[in-house]
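Encoded as structure tokens, here's the structure I'll be asking about.
Order of appearance sets the numbers: ligands from 1, and atoms from 1 within every ligand.
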Amino acid sequence: MKFFVDSADVAAIAELNDLGMVDGVTTNPSIILKSGRDITEVTREICALVSGPVSAEVVATQADAMIAEGRKLAEIAENITIKLPLTWDGLKACKTLTDEGRMVNVTLCFSANQALLAAKAGATFISPFIGRLDDINLDGMELIEDIRTIYDNYGFETQILAASIRSANHMKEAALIGADVATAPPNVIKAMANHVLTDKGLAAFLSDWEKTGQTIL
Ligand code: E4P
């Protein structure tokens, strides 16, 4: 499973990238707001750091304006993926922009039918939002499973980008189901390294080592 970082925090992306854990980056208008940076500047910086796809989201709601914004965002760098909302206009823009050979990430997907339409419109990535479904007592992971089944039934090449990931457990479940990509904030990716038995075991080893009176260096 590829890891995308769901953030515009350049330092945090760089730290993970140095460990080989970044296959791409996703941003959205809320993430840009949180960064306090200019969208073009911060996205350009991220694109220079990360060689994989970097999603930058349009804010227009009509297809023609989405297409114009998408083309403008794509000028930032070669690895820009244009992020479009899953609306009828978003699907129209998706078809046009992918026909031009551009990468498109269709976002705000909350149903298998929406994902099916995005694949038909040629989306490079579909972003089902797990956490936001869980927030309203629906099963976000079930949606990932349904999309996996449908895409595999028909050989759609659109990649499933599990989004709105809130926990390390979401990462594991998305990987088990076979999501192509998972995008998560840096703290969630780092939390995947944690285990209480690792901490307990390490504390015991260090305590016993101290009793040996030895040093390694
Ligand atoms: C991904 O592309 C989205 O920007 C992101 O995962 C949304 O996550 P949230 O629901 O935690 O805001």
Inset, instruction - Report, in ascending order of atom number, the atoms of ligand 1 lying under 4.0 Å from any heavy atom of F129. - result: 3 (C), 7 (C)
Legend entry - atom 2 (O) of ligand 1 - nearest protein heavy atom and its distance: K83 NZ, 2.6 Å
Inset, instruction - Starting from atom 8 (O) of ligand 1, find the nearest protein heavy-atom neighbour and note its residue, name and distance. - result: S164 CA, 3.4 Å
Legend entry - Pairwise side-chain contact, L161 with I126, heavy-atom cut-off 4.5 Å (strictly under): no
Legend entry - Closest heavy-atom pair and its distance - I46, S7: CD1-O, 4.2 Å
Inset, instruction - Considering heavy atoms of the protein only, find what lies nearest to atom 5 (C) of ligand 1 and give residue, atom and distance to 0.1 Å. - result: D6 OD2, 2.8 Å
Inset, instruction - Please say whether more than 12 non-hydrogen atoms of neighbouring residues, nucleotides or ligands are located less than 6.0 Å from CG in D135. - result: yes
Legend entry - Protein contact of atom 11 (O) of ligand 1 - nearest heavy atom, named by residue and atom, plus distance: R166 NE, 3.1 Å
Legend entry - Positive for side chain to side chain donor-acceptor pair (under 3.5 Å) with S55, one of T124, N105, T26: N105
Inset, instruction - Answer yes when D6 and R166 have at least one side-chain N-carboxylate O distance shorter than 4.0 Å, and no when they do not. - result: no
Legend entry - Identity and distance of the protein heavy atom lying nearest atom 4 (O) of ligand 1: N28 ND2, 2.6 Å
Inset, instruction - Step through the shown structure and confirm whether more than 12 heavy atoms of other residues, nucleotides or ligands are within 6.0 Å of CE on M21. - result: no
Inset, instruction - List the closest protein heavy-atom neighbour of atom 12 (O) of ligand 1: residue, atom name, distance to the nearest 0.1 Å. - result: R132 NH2, 2.8 Å
